[in-house]
Each structure stands twice: as C-alpha cells, then as structure tokens.
There are 2 protein chains.
Amino acid sequence: MSTAQQVPARTRLLQAADHILFEDGIRATPVDEILRRARASPATLYSHFGSKDALTAEALRIRFADWRSSWDEQVISANNDTERLLAVFDALAAYREDRQHPSRWCAFLAAATELMPEAGEIRDVLDADTALLRTRLVHLSRPLAADRAQDLAEGVLLAYDGTLTAFLRGHPRSPIEAGRRLALAAVQAYTQS
Amino acid sequence: MSTAQQVPARTRLLQAADHILFEDGIRATPVDEILRRARASPATLYSHFGSKDALTAEALRIRFADWRSSWDEQVISANNDTERLLAVFDALAAYREDRQHPSRWCAFLAAATELMPEAGEIRDVLDADTALLRTRLVHLSRPLAADRAQDLAEGVLLAYDGTLTAFLRGHPRSPIEAGRRLALAAVQAYTQS
DNA sequence: GTCTATAAGCGGATAGAC
DNA sequence: GTCTATCCGCTTATAGAC
C-alpha cells in the first residue's frame, strides 16, 4: 500500500494537531489523540517538536500564514474600497469552508484563553494576528475615512471578533453575514457626513 | 481575633473560585489554589459541591445573577431608547469596575471554550446568558427599529461580544468605548432612511 | 457537628529511555 | 515503535481542632 513515508511524520503530526486541537480544545486534547490520528509515536513528536506547546505553536504559525494568504486573495478579488475592507469576512468564510483548518471559533483566541501565554512563541503568534488585523484594517480604512480610519478599523475589528465569538456562543445563526452587516454599518457611520 | 466562621466556608470557596477561575483560567487553575485562597480543606469543598465542575457552575450562576442585576440598573437609569439599548455597555463597564468579579474577558465564554460542555449545568448557564442577551436586546431594539429589531439586536450582540474578545486580544485599548461606538453605528444604520 | 490539616489513591498526561 | 518513569490534578480517607 504505502511505503515508509508517503507523508513525513512531522507533517502528519502537524495536520493532526491542527485538526484536533482547535476543534476539540487545546487543553482538552491529550497528546495521545494527536499521536493516534497521525499514526506516530511519542518519540517522533518529541524529537521533532520537543513539547505539546511547541507543536501547538508551529500549528498556529501555519494557520497564521494560511489565514493571511486567504485574506490576501479576497482583498485582491474585491473591486471597490468598501468591499476590500469587508473582504476580511469573505476571507473568514472561505477559510472556514476549507476543511483543512476546522476550528470551533478561532485558533488564536482559543490559544489565548486556554493557554494564557504571557510570553513565548505562542504569545508571538497571537500578537502577530492582532498586529496583522490592526494594521491591515487601518490601511484598508484609509480610502474610506481618511482621518477617522483608526476608528473605522477598530469598529471592523470588533465586528470581526464578535463574529468569531458568535460561533462559540451559537448565536446568531449566521455570524459572518451578521458581522458583515455590522461592519457595513460602521463604514456608513464613518463615511457619510 | 476571629471566631469559628465570620464567613462560612462555602461562601469563601465560591468567592475564591470566582476570583481565580475566570482570571487565571478554569483549566489552568488547580483545585489546591482555590482551597489555599479560601483557606478551606478538600473535604469541605467536596462535601459542599461534589466536584470542581459543580463549584464552577455555582460560581457562574452567581455571576449570571449579578450581571443581570447590573444590566437592569443601567437600563433603568438610561433616559431614552438609544441609551437603553446601549446600556449593556455601561453595565459591562460597571460590572468590570466592581472588583468583586474580576475576569480576563468573560466568564461564560471562557467556560464555553475551555470546558466545551455539551450538556449539564454549565452548558445551562451559558445558554441562559445567550438567551438573556438575545431576548433583551431584541426587546430594547423594538422601539428603535420596529420591523428590523432582530437585525439591530444581532448587531449589538456582535458588538458586545467583540468588546469582550478585545479584552482577550488586548486591542483596541478601550474596548467598551469602541464597542459602544460600533453599536451606535448599528442603531443609525437601522433607524435612519 | 463543622471545619482544617495532612496524606494518600488514582487516572491521565507529558516526557524520555530503550 | 514500545514501554516506562515521572509528574500533576482531582478526589477520597484519616485524624484532629474549635
């Protein structure tokens, strides 16, 4: 059937971790479950990564890169300033459609609340995510609300975070659409008059 | 100095649990830390509550009742329809000022993501919180946007959840003010025109 | 009788040895 | 890859203080 390693163990571990940790809970998921899914042994995991935390951090870094690309694409294919700003919601929809990265709500925020890292590589990914959102939303807000771009960006970020949290809460039923509508209201408030 | 129990052990345990669990993390906090802070013994905790989960659930129920009262007060003291709808943000500010219930972001949402309860008394508190928010926001939206009250309420809920999540993310700096502004934008979008 | 202090059982999870 | 050591967290048991 398959020789030694069609897919290297390191990759299998990362995929398994990504799949389980952010869907079932980081602390709730024992290493054994990741090992079983990856069909790998503890030795392999610990020689490649050193710890469950380090594996988690690497999985988060991959997510971050993929999420950024997904957002890139949606911004590029948007065709006016408002759509470019709201593209973050389309990116979220596309990212969640993609069954490669399932998650209950948001891997980065889940790591923040479950692990509460004050420093270290996990904290770094969270900060990178926040920094990306902040700078990019401000940048995309500028054409719409020059001097109030900061405020508009903050509004869109809150709408985005509210959308993610809605998945956790289970309400409203269509979080992304609701979030997009809310962000659009912010655009209107900061552009007209 | 102090006789037997100035404050009963059961109360001390609940206060300690409330103080630590939602500030430092539910799963991250060992029972021993609650016991130390409450200056209680394991036997006392387990005779009163039966488990860490049951203690957590009771602490959440108390939070829920206090949060609801806080919101009640702010709605009552508001003096027009818009202020009544946005009172949820004033309630949040007041609740967080009150040092009695410290929390990193939101006790209910933290329980949701850390414990992922599919059923049971913890799930019930989370659902009660969501139901309270949903029904009350719809009710308060009706005077402002009769037929679109549902949509407006959804927007305010997302702004509220975004505000809570902003505490977790550490951005923006003043989440409550930003959330209030965003909710106001939703009000404007659903009332004018 | 209620509570505290101490300690031990027990399962589970991480980590490392072979 | 199997197996094992170690640790940690929840829970229960014991003994004693007020």
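Letters A, B, ... mirror the listed sequences (proteins, then strands); counts begin at 1. If you're wondering where the values come from, they're calculated on a predicted model, not measured in any experiment.
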Can you tell me how far [atom2] of [N] sits from [atom1] of [X], to the nearest Å?
| X | N | atom1 | atom2 | result |
| --- | --- | --- | --- | --- |
| L115(A) | dT14(C) | CG | P | 12 Å |
| E114(B) | dG9(D) | CD | P | 14 Å |
| Y46(B) | dA7(C) | OH | C1' | 15 Å |
| L45(A) | dT14(C) | CG | P | 9 Å |

Any ion pair linking [Y] and [X] (charged N to carboxylate O, less than 4.0 Å)?
| X | Y | value |
| --- | --- | --- |
| D127(A) | R123(A) | yes |
| R180(B) | D90(B) | yes |
| E154(B) | R173(A) | no |
| R84(B) | D81(B) | yes |
| R10(B) | E58(B) | yes |
| R104(B) | D24(B) | no |

Enumerate the residues from [range] whose closest heavy atom to DNA chain C is under 4.0 Å, giving them by residue number; use none for an empty result.
| range | answer |
| --- | --- |
| residues 48-55 of chain B | H48(B) |
| residues 21-30 of chain B | none |
| residues 32-43 of chain A | D32(A), P42(A), A43(A) |

Would you call Y95(A) and Q74(A) a side-chain contact if the rule is heavy atoms closer than 4.5 Å?
no

Note: V7(A) and R12(A) closest approach over all heavy atoms is O-NH1, 2.9 Å

R96(B) charged N/C atom sitting above F167(B) aromatic ring, 6.0 Å / 45°:
yes

Plane angle bin for F89(B) and Y160(B) - parallel if under 30°, tilted between 30 and 60°, otherwise perpendicular:
perpendicular

